[in-house]
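In what follows, chains carry the letters A, B, and so on, assigned in the order in which the sequence lines appear, proteins first and then strands, with residues in each chain numbered from 1. This structure is a prediction, so every number in the text was calculated from the model and none was measured.
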2 protein chains.
Amino acid sequence: MNTRTTSRKPRADVVRNRARILEAAETHFLTQGVAASLEAVAKEAGIGVATLYRHFPTREALLAGLLNERRDELEKRQRRIDNLEDPGEALRRWLRALEDYLSLYNGLSEPLVIASKTSGSSNPLTRSCADLITSTGDYLEAARAAGQARDGIDGRDLFMAVSSVAWVRNTRAADDAALARLRSIVESGYGRTGQTAR
Amino acid sequence: MNTRTTSRKPRADVVRNRARILEAAETHFLTQGVAASLEAVAKEAGIGVATLYRHFPTREALLAGLLNERRDELEKRQRRIDNLEDPGEALRRWLRALEDYLSLYNGLSEPLVIASKTSGSSNPLTRSCADLITSTGDYLEAARAAGQARDGIDGRDLFMAVSSVAWVRNTRAADDAALARLRSIVESGYGRTGQTAR
DNA sequence: ACCTGAACACCGTTCAAGT
DNA sequence: ACCTGAACACCGTTCAAGT
């Protein structure tokens, strides 16, 4: 019937394969980190390796596919943050949401930070990164306007700082209390420590 | 003659092999990072792979061997720092020396931070780590006594913070200016920002 | 005692062959 | 058009065999 009208439709099994790959990759990356074997992912997805490569030519492309699926969660959290009155509190909560996002898989912060550099092209993670940095810059600017953040740093700087916290977190070398202290170092590093506006 | 008297001497070619391995590893790690191929290292050293494993059973053991050779440089730098009058300045310089040390090879900070956790045993990097953390704690304590560092954090916390800066540095995603801003975040994060003692 | 290279198991990536 | 598994090159690690 409509086999002709829907000319640029995605083929049924292609869609299914893509979903299976993402699902298998998710579980493997969650347990093994971003360096998990792609062969194993393909096997669990029940497809040949080459099919995986056809769908996601690089590991970064696969990561980007996974992160896109997680993006709604982050945006939902972002909407809740936007309802806050205090811009300093909003910035703090956003940075925490960002940290959680960057800590999803072990080793995730590294490709993301690298992608944040290559402003040019090619890297499939660059776009997601740019969005995150822009958001961070917005929250930072709002906090600064309210006298709750210092001058001389930008969204990219805070993105790097949060990425590095996520990196420490993923090494599992720091317990919760130590992570909290690390966050407090970063917080009083970008903020106007204690004194409000004045 | 004295072949019998020097009973627990290191065999000549063993010493030579060890030196060759360290030399080859140094150049490979410098160019390829800590994940460089050990097979390639062995080949460049002109020995069989198994000999490398005999000398250094794990990659961490090899790293520890290399870092021990670099330790004098760090201690020399440390002695210069100890001559400074201002404990805050001393702490800042020490953290920078530490950052340089942790940035020697790409990917070095990760095994070191992991080793800093496993307080127990087995990991050959744990000892070097513990020393670095102790020194950091000493400089921090001195700075705090002079009212130049805040309460509530310890040497281990600063070690983590510096490791994470070294990690960002090694990703090569941040230029010199961005790294300086990241350091400034950490600095005003642990310090009593601006106001001295009071 | 120490060294060696072959052996095994694993992985990333590509490509000729299938449907 | 899409999928497949075999193929190639590489690596970490161990072990039987050499000296």
Side-chain angles (χ1 to χ4, degrees), chain A residues 3-4 6-25 27-29 31-66 105-107 110-111 114 122-124, chain B residues 3-25 27-29 31-65 105-107 110-111 114 122-124:
Chain A
T3 29
R4 228 176 359 217
T6 54
S7 50
R8 57 276 195 281
K9 83 264 159 215
R11 197 53 155 272
D13 67 335
V14 170
V15 174
R16 204 194 41 191
N17 280 340
R18 192 189 143 91
R20 281 187 181 171
I21 292 169
L22 286 173
E23 194 181 354
T27 66
H28 277 248
F29 285 180
T31 56
Q32 321 277 345
V34 296
S37 160
L38 296 184
E39 225 171 32
V41 169
K43 185 175 292 180
E44 173 152 322
I47 59 162
V49 229
T51 304
L52 187 151
Y53 277 91
R54 168 175 276 273
H55 281 265
F56 304 100
T58 64
R59 192 178 293 268
E60 281 76 24
L62 181 51
L63 277 173
L66 285 167
Y105 313 121
N106 193 354
E110 180 146 348
I114 288 172
S122 60
N123 194 324
Chain B
T3 31
R4 223 170 9 207
T5 24
T6 55
S7 49
R8 59 274 196 279
K9 82 264 159 213
R11 196 54 157 269
D13 68 333
V14 169
V15 173
R16 206 194 42 193
N17 280 341
R18 192 190 144 90
R20 281 186 181 171
I21 293 169
L22 286 173
E23 195 181 355
T27 66
H28 277 249
F29 285 0
T31 56
Q32 322 276 346
V34 296
S37 159
L38 296 184
E39 226 171 30
V41 169
K43 186 175 291 180
E44 172 152 322
I47 58 162
V49 229
T51 304
L52 188 152
Y53 277 90
R54 168 174 276 271
H55 280 265
F56 302 101
T58 65
R59 192 178 292 269
E60 282 75 25
L62 182 51
L63 277 172
Y105 313 121
N106 193 352
E110 179 146 349
I114 289 172
S122 59
N123 193 324

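- If you check every strand for non-hydrogen atoms under 4.0 Å, A36(A) touches sugar and phosphate atoms only.
- Nucleic acid contact class of A12(A) (heavy atoms, under 4.0 Å, all strands): none.
- In this structure, the NZ atom of K43(B) is 14 Å from the P atom of dT4(C), given to the nearest Å.
- Straight-line distance from the CG atom of L38(B) to the P atom of dC11(D): 10 Å, rounded to whole Å.
- As rounded to whole Å, 13 Å separates atom C1' of dT14(D) from atom CD of E39(B).
- With a 3.5 Å ceiling on both atom-pair distances, the Watson-Crick or G-U wobble partner of dT14(D) is dA6(C).
- As rounded to whole Å, 9 Å separates atom P of dT4(C) from atom NE2 of H55(B).
- Rounded to whole Å, the distance from CZ on R18(A) to P on dC3(D) is 12 Å.
- At the heavy-atom level, S37(B) lies under 4.0 Å from the strands shown only through sugar-phosphate atoms.
- Residue-level contact check: R59(A) touches the backbone only, with heavy atoms under 4.0 Å from sugar-phosphate atoms and none from bases.
- Between F56(B) atom CZ and dG12(D) atom P the separation is 16 Å, expressed in whole Å.
- Using a 4.0 Å heavy-atom cutoff across all strands shown, V49(B) reaches at least one base atom of the nucleic acid.
- Atom CZ of R54(A) and atom C1' of dC15(C) are 12 Å apart (whole Å).
- Spacing between atom CD1 of I21(B) and atom C1' of dC3(C) amounts to 11 Å, rounded to whole angstrom units.
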